[in-house]
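Atoms within a ligand are numbered from 1 in the order they appear, just like the ligands themselves.
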Amino acid sequence: MSEFRQDRMTGEWVIVAPERRRRLKRSSAEAKSHEPALQFDPACPFCPGNEVELPSITAEVSVAEQPGWQVRVVPNKYPAVKPDTSQTVDLTSYHRAIAGVGTHEVVIESPRHDADLASMSSGEIEAVLSTYRRRFTALLDGPGIEVVILFRNHGSASGASLAHPHSQLIALSMIPPWLAAKERWARQHHSCVTCEELELERRDGRRLIEETLSFVAMVPFAATVPFEILLVPKRHCGSFAEIDNVERADLARLLQRALQRLRFVHGDPPYNLLVESASRDELATPHTHWRLRIAADLVKWGGFELGTRMPINPSCPEEDAVLLRNAIAGVEADRFHDSAVGHRS
Ligand SMILES: [Zn+2]
Ligand SMILES: [Zn+2]
């Protein structure tokens, strides 16, 4: 059983999950032994045929053009939190700790070990986004759940322990203080700050990457890392759970292009993809506005950042936006070259 533990000296919370130590040993061994990625890896628990390695299968999604499953949902074998209705709360002793209650799921995005969101078809990415939305909604409706964190780690430097393409959802029974502070900040304004920011950025244009029917892709004004990308829905909406079918199709294409742009300007860097969505308390308020953030792992936190929680971005957001905006011409030239080579071979 994991525990949420509060640091009495700072008020910050940590999840202590010793079961995940086994995952660390396994991932360092796998990182050495399975390069480069193959279409099928006999040692990978997420590859078809290795189901005996999975705790169970929660859901499967297929797409029209392919046989079998395209997206699969499974419980995390080494969960950071676990569902448990007999939660114990220890508020009386010196140290404050709460049982690590919640749900930790994995979305296996493709049966292919070497697939990647950046190179999947729009239909395949839509199947992933549709699974995200279904599981996000199901977990947020779980008893005692306050917030669902949906994320994807790409590359071992970003925290991914398995090369097979996958994302994760962690449903928590508490709102992490950083999220609570972000929602408090949004509540201090009379209207939605993200809607205001979108209007301003679309007029200004310097940090815009691309605009579609339903979304804006942009580099944030105060980007924390080089080539940080936000995909923001134009429709004001607090929760990712409310994305509609038109927005989902639009987001699939935009996300694919955003990842291709990042790959073109920085050669497939490790990154974290996050769906930032309202906690249960804020779902219906006019203040919060969901968005998708892609943060390349190009800068490691050092002593200053640990001491201040204030990242130093060694890049210029406006210049990053120019490179990402112009990258699509290079992406399309690469695609043309690949298809021409494919025709010749
Ligand atoms: Zn695999
Ligand atoms: Zn808004």
Side-chain angles (χ1 to χ4, degrees), residues 23 26-27 29-55 57 60 66 68-74 76-78 106-117 119-120 124 128 152-156 160-168 182-203 211 213-218 220-221 230-244 247 250-251 275-279 281-293:
R23 166 189 165 274
R26 181 185 175 129
S27 60
E30 274 162 359
K32 285 184 201 124
S33 61
H34 299 303
E35 303 267 350
L38 310 161
Q39 188 172 335
F40 169 77
D41 182 342
C44 170
F46 296 164
C47 275
N50 297 339
E51 286 77 6
V52 69
E53 294 285 332
L54 300 173
I57 295 171
E60 283 184 347
Q66 289 163 32
W69 62 273
Q70 174 61 29
V71 183
R72 191 176 244 178
V73 182
V74 301
N76 193 300
K77 197 170 180 179
Y78 307 106
V106 177
V107 176
I108 305 170
E109 297 159 348
S110 167
R112 278 187 64 142
H113 189 80
D114 61 348
D116 184 48
L117 277 190
S119 47
M120 285 182 192
E124 289 169 338
V128 172
R152 177 175 209 274
N153 302 330
H154 174 78
S156 56
S161 58
L162 287 167
H164 197 116
H166 68 284
S167 329
Q168 301 179 62
K182 201 173 75 158
E183 292 184 340
R184 255 196 320 276
W185 169 264
R187 268 201 305 274
Q188 287 169 7
H189 298 80
H190 295 296
S191 55
C192 172
V193 190
T194 306
C195 282
E196 276 175 26
E197 186 86 354
L198 271 188
E199 206 181 309
L200 189 145
E201 292 293 350
R202 287 170 73 194
R203 268 204 315 269
E211 186 171 341
L213 185 68
S214 322
F215 283 85
V216 170
M218 60 188 245
F221 172 73
L230 291 182
L231 306 183
V232 190
K234 290 182 185 172
R235 177 172 69 94
H236 175 81
C237 183
S239 178
F240 172 69
E242 290 175 38
I243 188 171
D244 64 30
E247 288 170 330
D250 204 23
L251 180 61
V275 171
E276 299 180 339
S277 184
S279 68
D281 285 352
E282 298 290 326
L283 287 179
T285 68
H287 311 288
T288 51
H289 191 129
W290 81 267
R291 62 196 189 175
L292 193 149
R293 176 188 297 270

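Taking the Zn ion (ligand 1) as the corner point, the angle from Cys47 atom SG to His113 atom ND1 is about 110° (rounded to 10 degrees). One finds an angle of 110° at the Zn ion (ligand 1) between SG on Cys44 and ND1 on His164, to the nearest 10 degrees. Remark: at the Zn ion (ligand 2), atom ND1 from His289 and atom SG from Cys192 enclose 110°, rounded to the nearest 10 degrees.
With 3.5 Å as the limit, one finds no donor-acceptor pair spanning the side chains of Thr288 and Glu183.
Contact annotation: His236 places an N, O or S atom under 2.8 Å from the Zn ion (ligand 2).
A side-chain donor-acceptor contact under 3.5 Å links Ser277 to the backbone of Phe240. At least one donor-acceptor pair under 3.5 Å links the side chain of Glu247 to the backbone N or O of Asp244.
Under a 4.0 Å N-O distance rule, the pair Glu51/Arg72 qualifies as a salt bridge.
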